[in-house]
Amino acid sequence: MARTKLYKIIIAVLILINIGTLAFFLMGRPPHHPPQAGDLARILEIEGPNKQMIFKLEKDHHVKKRALLEMDRKLHEELFSKIGTSYNVNPIHEKIEVNYTKIEKMTYAFFHDVSAFCNAEQKIKLKNVIRQAFHQMRKRPKK
């Protein structure tokens with residue numbers, strides 16, 4: 001009888017550990033997928049010809065941003081390849097800063113252009129989407 005009680009306690013503890021583990025993994029998972037062209041118009045509930053314009057803006061934005069992010073990756077690879085050498089990395093740092101500024105300006109211009117196709121309610125949604133995206137990108141890692 002004492003063993004049965006012990007086994008029940010062990011089973012209950014193991015079930016709680018499993019539930020805790022599943023909750024940990026489900027709460028800490030990243031967003032499902034990167035944004036795709038067409039997502040923004042759907043979220044903002046924009047229809048008609050404006051939807052097509054936003055789709056085109058999104059598609060162009062994603063192509064340009066991918067190219068700049070690829071350049072960022074290459075510049076960082078070049079920078080880190082110089083570790084342990086006497087190479088002056090200041091020019092690489094400057095290129096990284098210029099590239100980052102291009103990304104920021106391009107992203108601002110994209111959202112500004114999208115806002116031209118939004119009514120007042122949709123502009124509020126747009127600002128919330130931007131705020132959410134910014135929060136996800138700048139989220140501090142858990143300690």
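For N88, the side-chain hydrogen bond (donor to acceptor under 3.5 Å, both in side chains) criterion is met by N90, not counting sequence neighbours. Take F111 and apply the side chain to side chain contact (heavy atoms under 4.5 Å, CB included) test, not counting sequence neighbours, and it matches L40, T107, L126, I130. By the side-chain hydrogen bond (donor to acceptor under 3.5 Å, both in side chains) test, E47 pairs with no residue at all, sequence neighbours left out. With sequence neighbours excluded, the residues forming a side-chain hydrogen bond (donor to acceptor under 3.5 Å, both in side chains) with H76 are D72, listed by chain and number. Considering only residues two or more places apart in sequence or on other chains, F117 meets the ring-ring contact (aromatic ring centres under 6.0 Å, His included) condition with none of them. Remark: K56 engages D60 in a salt bridge (Lys or Arg N to Asp or Glu O under 4.0 Å) (not counting sequence neighbours). Remark: S86 engages no residue in a side chain to side chain contact (heavy atoms under 4.5 Å, CB included) (not counting sequence neighbours). Taking the side chain to side chain contact (heavy atoms under 4.5 Å, CB included) definition, one finds that E77 meets it with R73, sequence neighbours left out.
Contacts classified as salt bridge (charged side-chain N to carboxylate O under 4.0 Å, His left out) and involving residues 92-102 (residues at least two apart or in different chains) are not found. Counting only residues at least two apart or on different chains, the salt bridge (charged side-chain N to carboxylate O under 4.0 Å, His left out) pairs with a member in residues 107-128 are E45-K125.
Summarising the geometry, atom CD belonging to E58 is positioned 10.5 Å from atom NZ belonging to K51; distances are rounded to the nearest 0.5 Å. Rounded to the nearest 0.5 angstrom, I43 CD1 and N128 CG are separated by 11.0 Å. Between L75 atom CG and E70 atom CD the span is 10.0 Å, to the nearest 0.5 Å. We find the CD1-SG distance between I54 and C118 to be 5.0 Å, quoted to the nearest 0.5 Å.
By the 4.5 Å side-chain criterion applied to Ile, Leu, Val, Met, Phe, Trp and Tyr, I103 is assigned to a cluster that also includes L68, L69, M106.
Judged purely by distance below 3.5 Å, without hydrogens or angles, the side chains of Y100 and E104 pair a donor atom with an acceptor atom.
Using a 4.5 Å heavy-atom cutoff, the side chains of E78 and K82 are in contact. Residues N119 and I46 form no side-chain contact, since every pair of their non-hydrogen atoms from C-beta on lies 4.5 Å or further apart.
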Could you go through residues 7-15 and list every donor-acceptor pair under 3.5 Å that involves a side-chain atom there, pairing it with any protein atom two or more places apart or in another chain?
none

